[in-house]
Amino acid sequence: MCMGNICRSPLAEGIMRHLVKEQHLDWEIASAGTGAWHVGKAPDKRSVEVAKNFGYDISAQRGRHFTASLFDDYDHIFVMDKNNYKEVTKLAKTEAHKNKVSYFLADYGEVIDPYHHDHLFEHVFQEIEARCKRLIKQLTN
């Protein structure tokens, strides 16, 4: 989960899907944004480019808006920053739903939004890729 579902969360979705497929795990992976501005649109071209540079193709992904119904569809909902956490947990109708929400980087760590800073896309990619690998280990043990 990120704000517009065009920079950070599409990277996380694409990387995680790729890694999960490599490990033959039967997980459903998706991303969404707390805002609906980019619904149906491709990820930011800078996210697409940095992912491609590291061997991931996220070009076919499309923006999606987070709705409360997604609490019932997923076991874990990872958010990129405190604003996303606030927006997502506001939609939780039960304590069980709220307990599904956590920070992507764990321990309240935030993934910086690279949208206004071209030079941050590679750093954000590397941070997300490393966390995806750790999450797979954590969730399969």
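The basis for the numbers below is simple: all heavy atoms, side chains too, and nothing from hydrogens, waters or symmetry mates. Owing to the predicted nature of the structure, the values given are computational and were not obtained by experimental measurement.
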Asker: Under 4.5 Å between side-chain heavy atoms, counting indirect links through other Ile/Leu/Val/Met/Phe/Trp/Tyr residues: same cluster for F54 and I58 or not?
Answerer: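 Same cluster.
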Asker: Decide salt bridge (Lys or Arg N to Asp or Glu O under 4.0 Å) for E87 and K90; before the verdict, give the C-alpha distance in whole Å, the side-chain angles of both, and the deciding distance to 0.1 Å.
Answerer: CA-CA 5 Å; E87 293 301 314; K90 277 195 317 192; 3.4 Å; yes
Asker: Nearest 0.5 Å, what's the CG-CD1 distance between L135 and I128?
Answerer: 11.5 Å
Asker: With the 4.5 Å side-chain cut-off for hydrophobic clustering, are F125 and L105 part of the same group?
Answerer: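 Cluster IDs for F125 and L105 match.
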Asker: Do T67 and L91 touch side chain to side chain, with heavy atoms closer than 4.5 Å?
Answerer: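 Side chain of T67 against side chain of L91, heavy atoms only: no contact under 4.5 Å found.
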Asker: State, yes or no, whether a side-chain contact exists between L139 and W27 at a heavy-atom distance under 4.5 Å.
Answerer: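 Counting from C-beta outward, L139 and W27 do come under 4.5 Å.
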Asker: Will you find, in the side chains of D72 and H97, an N or O donor that is under 3.5 Å from an N or O acceptor?
Answerer: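 Yes - a donor-acceptor pair under 3.5 Å links their side chains.
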Asker: Using modelled atom types and a 3.5 Å cut-off, is there a donor and acceptor pairing between side-chain atoms of S47 and backbone atoms of P43?
Answerer: no
Asker: Among F78, F71, Y85, Y74, which residue satisfies the ring-ring contact (aromatic ring centres under 6.0 Å, His included) criterion with F66?
Answerer: F71
Asker: Rounded to the nearest 0.5 Å, how far does CG of D75 lie from CD of E28?
Answerer: 10.0 Å
Asker: Which value, rounded to the nearest 0.5 Å, describes the distance between F121 atom CZ and N53 atom CG?
Answerer: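 Here the rounded value is 12.5 Å.
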Asker: Distance check, rounded to the nearest 0.5 Å: Q61 atom CD versus I29 atom CD1?
Answerer: 11.0 Å
Asker: Measure the shortest side-chain to side-chain distance between I6 and W37 over non-hydrogen atoms and say whether it is less than 4.5 angstrom.
Answerer: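 A side-chain contact is absent here, since even the closest heavy-atom pair is not under 4.5 Å.
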Asker: Could you tell me if the side chain of R64 sits less than 4.5 Å from the side chain of L70, heavy atoms only?
Answerer: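 A side-chain contact exists here, since the closest heavy-atom pair is under 4.5 Å.
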Asker: Within the distance-only criterion (no hydrogens, no angle test), does the side chain of E13 pair as donor or acceptor with the backbone N or O of S31 below 3.5 angstrom?
Answerer: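 Yes; judged by distance alone, with no hydrogens or angles, the pair exists.
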Asker: With a 4.5 Å cut-off on side-chain heavy atoms, are K133 and L19 touching?
Answerer: yes
Asker: Are D57 and K52 within salt-bridge range, i.e. N to O under 4.0 Å?
Answerer: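 So D57 does not pair with K52 through a salt bridge.
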Asker: State, to 0.1 Å, how close N5 and G33 come at their nearest heavy-atom pair, and which atoms those are.
Answerer: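 Between these two residues, the closest heavy atoms are CB-N, 3.4 Å.
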Asker: Compare all side-chain heavy atoms of R17 with those of K21 and state whether any distance is below 4.5 angstrom.
Answerer: no
Asker: Report yes if some heavy atom in the side chain of R8 is under 4.5 Å from a heavy atom in the side chain of N84; otherwise report no.
Answerer: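 Yes, at least one pair of side-chain atoms sits under 4.5 Å.
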Asker: Determine whether V39 and V88 fall in the same hydrophobic cluster, where Ile, Leu, Val, Met, Phe, Trp and Tyr are linked whenever their side-chain heavy atoms lie under 4.5 Å apart.
Answerer: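 No, V39 does not connect to V88 through the hydrophobic network.
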Asker: I need the M3 CE to S9 OG distance, nearest 0.5 Å.
Answerer: 11.0 Å
Asker: Any carboxylate oxygen within less than 4.0 angstrom of a Lys/Arg side-chain nitrogen, looking at E127 and R131?
Answerer: no
Asker: Report yes if the side chains of M80 and E110 come closer than 4.5 Å at any heavy-atom pair, otherwise no.
Answerer: no
Asker: Under a 4.0 Å threshold between the charged nitrogen and the carboxylate oxygen, would E49 count as salt-bridged to R46?
Answerer: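 Answer for the salt bridge query: no.
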Asker: Taking atom SG of C2 and atom CZ of F104, what is their separation to the nearest 0.5 Å?
Answerer: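 Spacing of SG (C2) from CZ (F104) equals 11.0 Å.
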